Each structure stands twice: as C-alpha cells, then as structure tokens.
Number of protein chains: 4
Amino acid sequence: MNSQSSLMFQIQPSSGTPIYRQIIDQVSRLVISGFLKPGDELPSVRQAAGELEVNPMTISKAYSMLEAGGVLERMRGKGMIVASGQDSSKDIRKRLEIIRPILEEAVTQAGQLALPKESIMELLSELLEEKNE
Amino acid sequence: MNSQSSLMFQIQPSSGTPIYRQIIDQVSRLVISGFLKPGDELPSVRQAAGELEVNPMTISKAYSMLEAGGVLERMRGKGMIVASGQDSSKDIRKRLEIIRPILEEAVTQAGQLALPKESIMELLSELLEEKNE
Amino acid sequence: MNSQSSLMFQIQPSSGTPIYRQIIDQVSRLVISGFLKPGDELPSVRQAAGELEVNPMTISKAYSMLEAGGVLERMRGKGMIVASGQDSSKDIRKRLEIIRPILEEAVTQAGQLALPKESIMELLSELLEEKNE
Amino acid sequence: MNSQSSLMFQIQPSSGTPIYRQIIDQVSRLVISGFLKPGDELPSVRQAAGELEVNPMTISKAYSMLEAGGVLERMRGKGMIVASGQDSSKDIRKRLEIIRPILEEAVTQAGQLALPKESIMELLSELLEEKNE
DNA sequence: GTGGTCTAGACCACC
DNA sequence: GTGGTCTAGACCACA
C-alpha cells in the first residue's frame, strides 16, 4: 500500500526551482505544520524516485540535505524518519517567522510600485479566500 | 558623479535571485510607478557597474533585456533612456498585478504551514507600517 | 532476566559507527581488560537484540566476526562464550596500543586546528577526571 | 600558477571516510585555524577535481555542503570564497570544543580497557611530540 | 570562465 | 530491503 507516499510529494518537473529543492521545502513544511511527526517514516529513495519518475540520486540528495539540516534522521538499513527533535511548533509565531521574508520582499516591491497599503491588504485577503475555496 | 544613479539601484549580491534579474525588476517597477519617466536617462553601463561592483556585462545584459521588453530605448551617444511609450500606469490594478505572484507564493507557503488568515494579514500590516516609518 | 547483559553493551543508534562495529569493539575491550574472562557467557543473540532494540542479524554478525577473530567461541546449545585463549593482558602497553589510533586521529585534528600541546593535555586530563567521578 | 591549490587539499582515496567528507573536514579546519580567511578564494571545482583526480561532482558536493554550513559563499560566475562570517576564532577554547568529542571517545575506550590515567597522558604526549618533529 | 542540476549505472555498507 | 558514494557525461544559468 503506497497511496500515502504518492500523496506525500508533488513536484513540478519544469518549474524553475530544482526538484531536490521542491522536495526539501515540502518535507520541511509538512514537518513544521505537523502533518509529519517525529518518527514517521518517509518513502524510500527508490520508491519516491519511481513514483516521481526522477533519478534516485535526486531524492537521495534531498534526503541528505534534510538530514544535515536536522529535519530527518537515518535509520540504518531501514530508511529515513522525521527527526525526534522536530516537534511541530504549535507556536504560530514561530511558523509566522518562516513566511516573514517573502512578505518583506512583497512589501519592498510594493513600495517601489508606490502601492497604497489598503490595496495590498485587499489583494492578499482575496488570495487567502481563494485558497480556502 | 550622478548621485541619483547610486540611489536608483540596490542589489543584494548574495541573494538567490540573479543580479541581472534584480536590476530588471527594479527598473521596471521604478518606471511603472512613475519614479522614472519617459526620456529619463539611466546610469551608463560603466557607471552602474562601478557603483554596484558588478561585471559590466551583467548591467549590459539587463539593459538589453529591458530594451527588448520595450521599457528602455537606446539613444546613440547618450546611453539608455526610458522608452517614450512607457507611461506610468496610474491604474493601481495594473500595478497590483505585478506583486500578485509573490503574494500568491506567500499564500501557498502559509497554507502549507497551516497559518490562519488573520495572523498573516496582521504580519503584512505590521511590515507595511514599518516601511512607512 | 540477565541483568548483567543489559549492562554489558551500550550502543548509540544514531552514531556514525555502525552498530555491529560498536558491539565488536566493546566486547573486545571488555575481554582484554579482564571484565570478561575466558568461559564467561555472552547474552544470547535474541536477548541482546531485544534489549538493544536491534535486528538480531546485527548481533549475530558481530558475534560471528568476534568468533572469526578468536575472541569468542560458539558452545553448542549454550551460545557464545569468551574463548579460552583470551587472557586479559595485564600488559598495559598492549592495551595502550588499542587506543593509539584514536589518539593519533585526535592529534591530527589538533594539528589542523593549530592547538597547543598544553591545551590538549589539559582537556584530556579534565575528561579523565570527570570519568572517575 | 596553481601550486597553492595543489597544497590546499590532500585526500586519501582508499580511506574509509568518503572523499567529499575529507574535503569538508579539511576546509573547515583550515578556516577555523585561520589558514583560510574570509574572502579567500578556493580552487575551482574543475581544477580541484583535475588535481585530485576525482569526479567534479564529488568536489561540488563538498562545496555545496560547506556552503549550506555557512563556511563558504558562492560568488556567482566567479567561484567559492570563505564566508564573511567565518572569522578564525582566535579563542583557543572554541577550537578545543571541536576536538572534545574525539577525546571523550578515547576516554570511554580507555575506561573499558581499564587503563590508568598516567599511561594515556603519556601516550598522548608522545604522539604530540612526534607530530612536531 | 564559474557552479548547479540531473541522468544512468555501478558498487558498497548496513540491517 | 535500506541509503551512500562515486563516475561519466550532458545541459543550463550566471558573470
């Protein structure tokens, strides 16, 4: 039964961001948001590679960097699991810090475009509503 | 020494986005916002390269792409100027479209982090206020 | 329940060194130091595997390699015992040779870090004192 | 003139530790010890690969991980340099912390071998003297 | 010129 | 079965 794993990752092959980065970002966010909890197993390198139709090394690279970043742990002979230290921070403020940089960039761009605060807030509100639909 | 030009561009050398892209985006936004008007001269390739401590080829590439995009025009002997057709769009909606992609990305990330709408709106509001100070 | 066996081994699952190596090294040192004497029984594969929460194959592999190295002997129906030829060497110099490699590695690293002899000696001295407390 | 670069790295191809790890460790220690200072350029991937006779990807992997660890910075189109934040800590205590783990392991092994403190100290002293010769 | 990414395929160590 | 390492070779983005 591998329906879980095929749902776990989604990649856009012809996106600007490299595949291994897409995987790293997704896993990181799944862990932080609590969808993946400490001890949860990840799909094996070969399995993920097969389903995503990419080279196993690409998956392996992503896993290695997630391990280096302390997000995953290697269970020798078994596979990769979410690291024990990785409690999903229920603290919203910590998670907010993660999206702060991109919002800061948006604010910078808005400034250069001389956009009024109200318009930006309104657009963001719309986009957030669309997401929920 | 053209003091305006040294204020005109700002690049972050160790950012993820390539330098030529940073320049293109900034010039585009300055034009569309009306900071730069049709006929305004841009700093010469040499000057910009010197001040930004960047390879002249990089500036040249950015200018060429802006020219190809119809934002700038090449005046023989004078350098680059803002193209005549480039009216600053007073229409806020058009300018809003430019920051839509980055806000969409922020919304995507926020979704994966399971962040509530209110928190994001609040953070954006704070950042916009900081900007004005 | 053999309380001795649970004290006998200690493994660090997320260490760099493989589990079977950790077991081999520990048993070897315990034998050479005299903690384990010729004829002493070792915990059964199953028991050790259960207590260490490790794959029985891993224990078995370690025991087999210790047998091949002449440290252990296989007693039919009784399991593994310390080999008869294995006298604890009272000769300190022989035992010192065993920790020589790791000290050599420490010295190499210290050299690359440009650390003075005195500092290293002092740190080692502290660590040895802590151990005794 | 590449005599400098050929002196910079040394690898033992048939060592147990992977090549990319050997490079990471060496660069890290060279930076920490002050042999490499912030802004110093490293040999290019292709150059290092050629001299060490290994695949360029192996070097690239090491550089990437050093960048991820904040030791190196990527100068786009140029090459890798030592990161600006990487001041060699003149503080000996900080550098001592780096060799603490291996000394701790040595102490653990010495304990299992029932070795007296004096013998260990003496052996370390000898090894440190040999190094200086 | 620089490094980055990906592929295909091989071999190894560990459990 | 698991992941790790390395090679050879290709193509791309950036300066």
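Quick note: numbers below take in every heavy atom, side chains included, and nothing from hydrogens, waters or symmetry partners. Here is how names work: the chains are called A, B, and so on, in the same order as the sequence lines, proteins then strands, and each is numbered from 1. As the structure is a prediction and not an experimental result, all values here were calculated from the model.
Straight-line distance from the CD atom of B/Gln12 to the P atom of F/dA15: 14 Å, rounded to whole Å.
When the side chain to side chain contact (heavy atoms under 4.5 Å, CB included) test is applied to C/Ile102, the partners found at least two apart in sequence or on another chain are C/Ile99, D/Ile102, D/Glu105, D/Ala106, D/Gln109. When the side chain to side chain donor-acceptor pair (under 3.5 Å) test is applied to D/Arg21, the partners found at least two apart in sequence or on another chain are D/Asp25. In this structure B/Arg74 satisfies the side chain to side chain contact (heavy atoms under 4.5 Å, CB included) test together with B/Ser64, B/Glu67, B/Met80, sequence neighbours excluded. With sequence neighbours left out, the side chain to side chain contact (heavy atoms under 4.5 Å, CB included) criterion links B/Ile98 to A/Leu113, B/Ile32. A/Ser84 meets the side chain to side chain contact (heavy atoms under 4.5 Å, CB included) test with A/Glu73; sequence neighbours excluded. Every residue was checked against the side chain to side chain donor-acceptor pair (under 3.5 Å) condition with B/Gln22, not counting sequence neighbours, and none meets it. D/Asp40 is linked by a salt bridge (Lys or Arg N to Asp or Glu O under 4.0 Å) to nothing, counting only residues two or more places apart in sequence or in another chain.
Note that CE of A/Met65 and OG of A/Ser28 are 10.5 Å apart. Values are rounded to the nearest 0.5 Å. Atoms CG and OG1, from A/Leu103 and A/Thr108 in turn, are 11.0 Å apart once rounded to the nearest 0.5 Å. The CG atom of B/Leu42 sits 5.0 Å away from atom CZ of B/Phe9, with the distance rounded to the nearest 0.5 Å. Note that the OH atom of D/Tyr63 and the CD1 atom of D/Ile24 stand 11.5 Å from one another [nearest 0.5 Å].
Taking every nucleotide of DNA chain E with any atom under 4.0 Å from a non-hydrogen atom of chain A, the first and last of them, 5' to 3', are E/dT5 to E/dC15.
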Compile the donor-acceptor pairs under 3.5 Å between side chains in residues 52-60 of chain A and protein atoms, sequence neighbours left out, one pair per line.
residue, atom, partner, partner atom, Å
A/Asn55, OD1, A/Met57, N, 2.7
A/Thr58, OG1, A/Asn55, O, 3.4

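Non-hydrogen atoms lying under 4.0 Å from DNA chain F are contributed by nothing in residues 61-71 of chain B. For the segment residues 16-28 of chain B, residues with any heavy atom less than 4.0 angstrom from an atom of DNA chain F are, sorted by number, B/Pro18, B/Ile19, B/Tyr20.
D/Met57 comes within 4.0 angstrom of a base, heavy atoms only. Contacts of C/Asn55 with the nucleic acid, taken as non-hydrogen atoms under 4.0 Å apart, involve only primed sugar atoms and P, OP1 or OP2. D/Val54 comes within contact range of the sugar-phosphate backbone alone, with a heavy-atom separation under 4.0 Å but no base atom that close.
Annotation for D/Ser33 and D/Leu30: closest pair OG-O, 3.2 Å, computed over non-hydrogen atoms.
Residues D/Glu53 and B/Thr58 both approach DNA chain F. Their nearest nucleotides, taken by heavy-atom distance, put D/Glu53 toward the 5′ side. The nearest heavy atom of DNA chain E to A/Lys78 and to D/Arg46 marks one nucleotide each, and the one closer to the 5' end goes with D/Arg46.
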Problem set entry | 5'-to-3' dot-bracket of DNA chain E (Watson-Crick, G-U; under 3.5 angstrom; crossing pairs as [ ]; | other strand) | ||||||||||||||.
